[in-house]
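Values reported hereafter were calculated over all heavy atoms of this structure, with side chains retained and with hydrogens, waters and symmetry mates removed. All chains are named by letter (A, B, ...) in the order of the sequence lines, taking the proteins before the strands, and each is independently numbered beginning at 1.
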Amino acid sequence: MDYNFSAIEGKWQQYWKENKTYKVDIDKAKPKFYVLDMFPYPSGAGLHVGHPLGYIASDIYSRYKRLQGFNVLHPMGYDAFGLPAEQYAIQTGQHPALTTDINIKRYREQLDKIGFSYDWDREVRTCEPEYYHWTQWAFVKMFKHYYNNVTQKAEPIEQLVAEFEQNGNTKIDAACSEIETFTAEQWRAMDEKQQQETLLAYRLAYLADTMVNWCPALGTVLANDEVKEGFSVRGGHPVEQRKMKQWCLRISAYAERLLNDLETLDWTDSLKEIQRNWIGRSEGAEVTFKIDGSDNGILVFTTRPDTIYGATFMVLAPESELVDQLTTPEYKQDVEEYITMAKRKTERERQAEAKKVTGQFTGSYAINPFTEQKIPIWISEYVLAGYGTGAIMAVPAHDSRDFVFAKTFGLPIVQTVSQPGETPTDTATWTESYDAKEGIVINSGMLNGLEVKEAIRTINENIEKLGLGRCKVNFRLRDAIFSRQRYWGEPFPVYYKDGLPYAIDEDKLPLELPEVDAYLPTEQGEPPLGRAKTWHTPEGYPYELSTMPGFAGSSAYYLRYMDPKNDKGLVSKEANEYWENVDLYIGGTEHATGHLVYSRFWNKFLFDLGYVCKNEPFKKLINQGMIQGRSNFVYRVKGTNQFVSYNLRKDYDVTEIHVDVNIVENDVLDTEKFRAWRPEFAEAEFILENGKYICGWAVEKMSKSMYNVVNPDVIVDKYGADTLRIYEMFLGPLEQSKPWDTNGIDGVHKFLRRLWRLFQNANNEVSISNDTATKDELKVIHKTIKKISQDIENFSFNTGVSAFMICVNELTDLKCNKREVLEPLTILIAPYAPHIAEELWHMLGHQQSVCDAQWPEFKEEYLVESSFTCPISFNGKTRFTLDIPLNLPKDEVEKMVLAHEQTARFLDGKSPKKIIVVPNKIVNIVV
RNA sequence: GCGGAUAUGGCGUAAUUGGUAGCCGCGCUAGACUUAGGAUCUAGUGCCGAAAGGCGUGGGGGUUCGAGUCCCUCUAUCCGCACCA
């Protein structure tokens, strides 16, 4: 019987489906293991060969864990809300649900062909009301909670109300937006509207006027992680800053915990580092500088309070509310012009002109609280309104930005830190600032002579003692803007009464997405939901018109998989306590600052409320590398329809043209297919080398426009899913980016055929021997058991494949068809190549699925050798090898080596200076 | 500018973590079987050299009996952040 992969794969996929082989339920008798893939957004283009890479790796791991006796949860679903489907809907008028559904079907077909062990009964789609019910529910919970900084957790808003009744907000330490202090009496005196407005400043889901990334082309607001270099990540449209009323999630309240708990996670250092940078914690002090001739002050944040004696001017963000009152009549016009200029600039322009120093004096002065000198107050773009207090004390001697600013506008520069033993030089001669974090403080009154770290401690004490300010930790992490002015997303479970938002009762959820007549904004510029006829509560209060962003639905999907059909809750306590959290999460690094921050936040919030039992969602995370494309080129002789082969192209004046990689094999162009590829090439002529047309090649992004997209279906049809799975793993380390080149796939396919042939005799009949295996055969299989187990544990799937190849090559050489060897081999390969493994397993006479077999046990005893082939080197260069009995004493080894005839040859008459014997490793003779 | 990662044959890669550099596969060369070969099998294949031998893990330097692996330095590529006070 030949290895008929398509028949075998169809047969077993059917079998798995009929027998629900991958269905999984809570089973307290077995340890659980949760393996998760980042679920895909089902795009219209379908999967290319790069997408399943991580899925295959996690599938291998899942199957391995199952064979080891774990109860493995390995689900899959779809991140189904999103912009592309809606953009398509705008163009075609087709409901996004419809295109989404079609795309999902195609994804499913493609996924099914590859033979994954997903429990499809647990599939979720974020766009279905049964699913987004719980997205909305979590939002309502966030609306109804605030963050208590003292207990470091989310608490019910009622507790806050009780506190306000008692003490106003004078004693509370909670995460909140900017708000005035009020007493209990003042609280009680407020009407409902005022009270609600006040509470809004504390809610974890809150409505606020904020500067947002507005994308006119997409007609929506975007989150910071959805914008890159001033353009939208999806679509690449320009983004501008705008102030708008938006729903936000107070994720900044969790900044400290999000940062600290990174320590507990088994993620790569680079990914943790990205998150640390994104959260951006910095320790410093808040200090008030008095405004000259006024009782008011300017609050600044600084990480270097030790340099305060060198603060020779102050700078405010142009957007700062203080600007108005600080600007003297004399400077009014200049300041206004500057602000207008700054406001008009898009984010893009700001970045392009980042090096250009601009600024404007306000006419006012502040008093440096330590030097007691008058220092000018400026405004400049380089100070950001959104970070710290939107104002800085400028220390030009020790901050490069302040330095450049001072140089440009001729402001004084005072050095306050110097290198020990170094004589301070005239700052007027400096060409750059001295941004040192170490050194001895000078020119700084009470701080003189102290080391920077001591100086910081001393000055902080004084700042607090003098009532000038306090120590403070600042975060770069901003609250997540949660509104999108779009149709295809979760509706907010919110209605408005007197212009104030109220949450819908939890038992009224889900609030289903209404039908609209077009997926465009209304004529009044409202979001598409403004078109829905009955978009209000039964009492007539209008619902929110925005919808939630893409990350809403993906923030808790890993919890929903634990209990996907539950209509009483997101996840039952029982299911959550059994599955706990994700043991292994595999996905791309592109979600480092988006999804992976949001879902950690979401999970922590639910943890605070007691709905989930673990405070982190993903224990271990692996980022698979990107699969790049490998493009092919043909070379057209300019002005002709002639194409010249790669190595001859230098003799002609040619244009390089991308050619579809699917009509090229081993860089040899199929000229007939090329002529048929596009009408303009129908009459193409070729200048060949050795009768072939050789194409050039390059590694590029896999994309349609480069004609280098390879579809997994095509590979599966030609070679089979098992070959695809193994080849994807064989390409290289999982985490590394690498180009896809279909050429190498033959080797893997040949390997599977050789594996198959181990079970067959020369006449192509199944032939398995029940004889006892020889020592050599046992050694081969146990070596492989050891290697494969280790490699899977280390996620080193590429070396695993090579170990299989070595094993099959060696067994082929030994002509081994013993059950004792082939049975464990079949189980070993089942995670990588489940279809052929099932077929072989049944060929071996088993009735159950190979998935229910037991992972073979490795026995060291079969690998023990009596001698070691020892490399003998001279001056570090290996010259020959010698079989030496294991654990032979050093001096005997030395004797044996020196006695060897080859040794004399390499000594060449000289006597050895030194002989190094590393037992069972190497012998090195120094001459 | 800051932070991180990577660099090994024609190509994808491997190397028990300081101990025989190039495993496995592609490609290539030669041969066998064959009406045929984009099938299969056998042998070879880092580079230079007829050979002996020499050279060789991005470049330079160092530690060591011994370095792809450790240290210093430079270069290139990729990724993340970017006026974050």
Look at [X] and [N] and indicate whether a side-chain polar atom (N or O) is within less than 4.0 Å of OP1 or OP2.
X       : N      : answer
N666(A) : G27(B) : yes
S737(A) : U77(B) : no
N798(A) : G12(B) : no
R476(A) : C83(B) : no
N920(A) : G19(B) : no

| Secondary structure string for RNA chain B (Watson-Crick or G-U under 3.5 angstrom, | for other-strand pairs) | (((((((..(((......[....)))((((((.......))))))(((....)))..(((((..]....))))))))))))....
| said: When you measure only distances, ignoring hydrogens and angles, does the side chain of N924(A) come within 3.5 Å of the base of C65(B) through a donor and an acceptor? | reply: yes
| Does R630(A) make a cation-pi contact with W740(A) (under 6.0 Å, within 45 degrees of the axis)? | no
| field | Nearest-nucleotide pick for V383(A), side chain only, options being A85(B), U20(B), G12(B) | value | A85(B)
| query | Do you see a donor-acceptor pair shorter than 3.5 Å between the side chains of S433(A) and D399(A)? | reply | no
Considering only nitrogen or oxygen atoms on both sides, find all protein atoms under 3.5 Å from nucleotides 39-46 of chain B and state each distance.
{"from": "U40(B)", "atom 1": "OP1", "to": "R753(A)", "atom 2": "NH2", "distance (Å)": "2.6"}

| said: Does G9(B) count as syn, meaning its glycosidic angle lies within 90° of 0, or as anti? | reply: syn
